[in-house]
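Because only heavy atoms are used, hydrogens play no part in the values below, and waters and symmetry mates are left out as well, while side chains stay in.
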Amino acid sequence: MFGELSVLVFGYWENVGKWQKVLIFEVKVEYSLLVVQFFRAVLRGIVGIFAGALVNAFVAIALGAPIGEKYFSKTVNWSIMMSLFTVVPAASVFGSSWTDWQRIFANTKPVGTIDYMICLPAHGAVIGAWFGAWPMPLDWERPWQEWPICVSYGAISGYLIGMAASFLFVLVRRTLHHTKTD
């Protein structure tokens with residue numbers, strides 16, 4: 001599981017009218033399973049961006065997001081933002097573990113610190129987007145009522161509130177868990 005990777009850096013040196021290949025330095029790099037797991041999580045997050053954006057775009061259109069050439073880029077950008085808030089953290093941590101996804105998003109039963117840090121901001125972003133959509137159908141004809149401005153502000157606000165709530169849950173859980181009993 002642990003290994004050593006040698007990186008050789010070569011240069012060319014002019015020696016009496018001839019170019020010679022010379023070893024400049026050698027770097028030995030330690031790599032382990034953690035590096036592999038990190039890159040695997042990054043790859044799962046990248047896949048999660050596109051998969052989540054596709055699902056979010058379909059859900060937004062099903063719930064009444066405008067369709068058309070004018071709104072296509074706005075819907076795609078909003079879908080990517082929502083995917084970054086909801087799907088990417090869970091995809092990076094849980095991968096394709098259906099039981100973990102179900103526990104966090106369907107049953108809403110976070111068990112540990114990481115579960116709280118994924119669950120609460122994701123739910124906050126979705127609830128914030130839902131509340132952000134509330135002023136859109138009102139006939140005030142304000143520029144901030146256009147798709148997806150108020151939905152995006154609602155999602156960002158909900159995500160930030162979810163992050164703060166997850167931080168507080170983690171702090172409270174840690175203090176309750178680490179108190180000494182006599």
Shared hydrophobic cluster for V151 and M82 (ILVMFWY, side-chain gaps under 4.5 Å): yes
Under a 4.5 Å side-chain heavy-atom rule over Ile, Leu, Val, Met, Phe, Trp and Tyr, are V126 and L84 clustered together? no
Taking the side chain as every heavy atom from C-beta outward, state whether P121 and S166 have any atom pair closer than 4.5 Å. yes
Applying side-chain contact (heavy atoms from CB on, under 4.5 Å), name anything that partners V42, two or more places apart in sequence or on another chain. F38, I46
Closest contact, heavy atoms only, Q145 versus P135: NE2-O, 2.6 Å
Rounded to the nearest 0.5 angstrom, the CG-OG distance for L43 and S92 is 9.5 Å
Going by heavy atoms in the side chains, are M81 and I156 under 4.5 Å from each other? yes
Pairs satisfying ring pair (Phe, Tyr, Trp, His ring centres under 6.0 Å), at least one member in residues 61-87, at least two apart: W78-W147, F85-Y159
Evaluate the side-chain proximity of V93 to R44: yes if any heavy-atom separation is below 4.5 Å, no if none is. no
Looking at A53 and S79, what are the two nearest heavy atoms and their distance? O-CB, 3.3 Å
Considering all heavy atoms, the nearest V88-G45 contact: CG2-O, 3.7 Å
Out of curiosity, N56 CG to I49 CD1, how far, rounded to the nearest 0.5 Å? 12.0 Å
Taking only residues at least two apart or on different chains, which pairs with a member in residues 57-71 satisfy salt bridge (Lys or Arg N to Asp or Glu O under 4.0 Å)? none
Quick one: side-chain contact (heavy atoms from CB on, under 4.5 Å) partners of L63, sequence neighbours excluded? V59, W130
Between S157 (side chain only) and Y153 (backbone N and O only), is there a donor and an acceptor less than 3.5 Å apart? yes
Shortest non-hydrogen contact from T86 toward A125: CG2-CB, 4.4 Å
Applying salt bridge (Lys or Arg N to Asp or Glu O under 4.0 Å) to R103 and not counting sequence neighbours gives D100, D115
W101: partners by ring-ring contact (aromatic ring centres under 6.0 Å, His included), with sequence neighbours left out: F105
Within 6.0 angstrom of I149 CD1, more than 12 heavy atoms from elsewhere: yes
Would you mind reporting whether I104 and F94 have side-chain heavy atoms less than 4.5 Å apart? yes
I'd like to know if I61 and M136 are part of one continuous hydrophobic network [Ile/Leu/Val/Met/Phe/Trp/Tyr, side-chain heavy atoms within less than 4.5 Å]. no
Can you tell me if CE on M117 sees more than 12 non-hydrogen neighbours from other groups inside 6.0 Å? no
Which heavy atom of T75 sits nearest to which heavy atom of P66, and what is that distance? OG1-O, 4.0 Å
Flag side-chain contact, heavy atom, 4.5 Å: T113 against F169: no
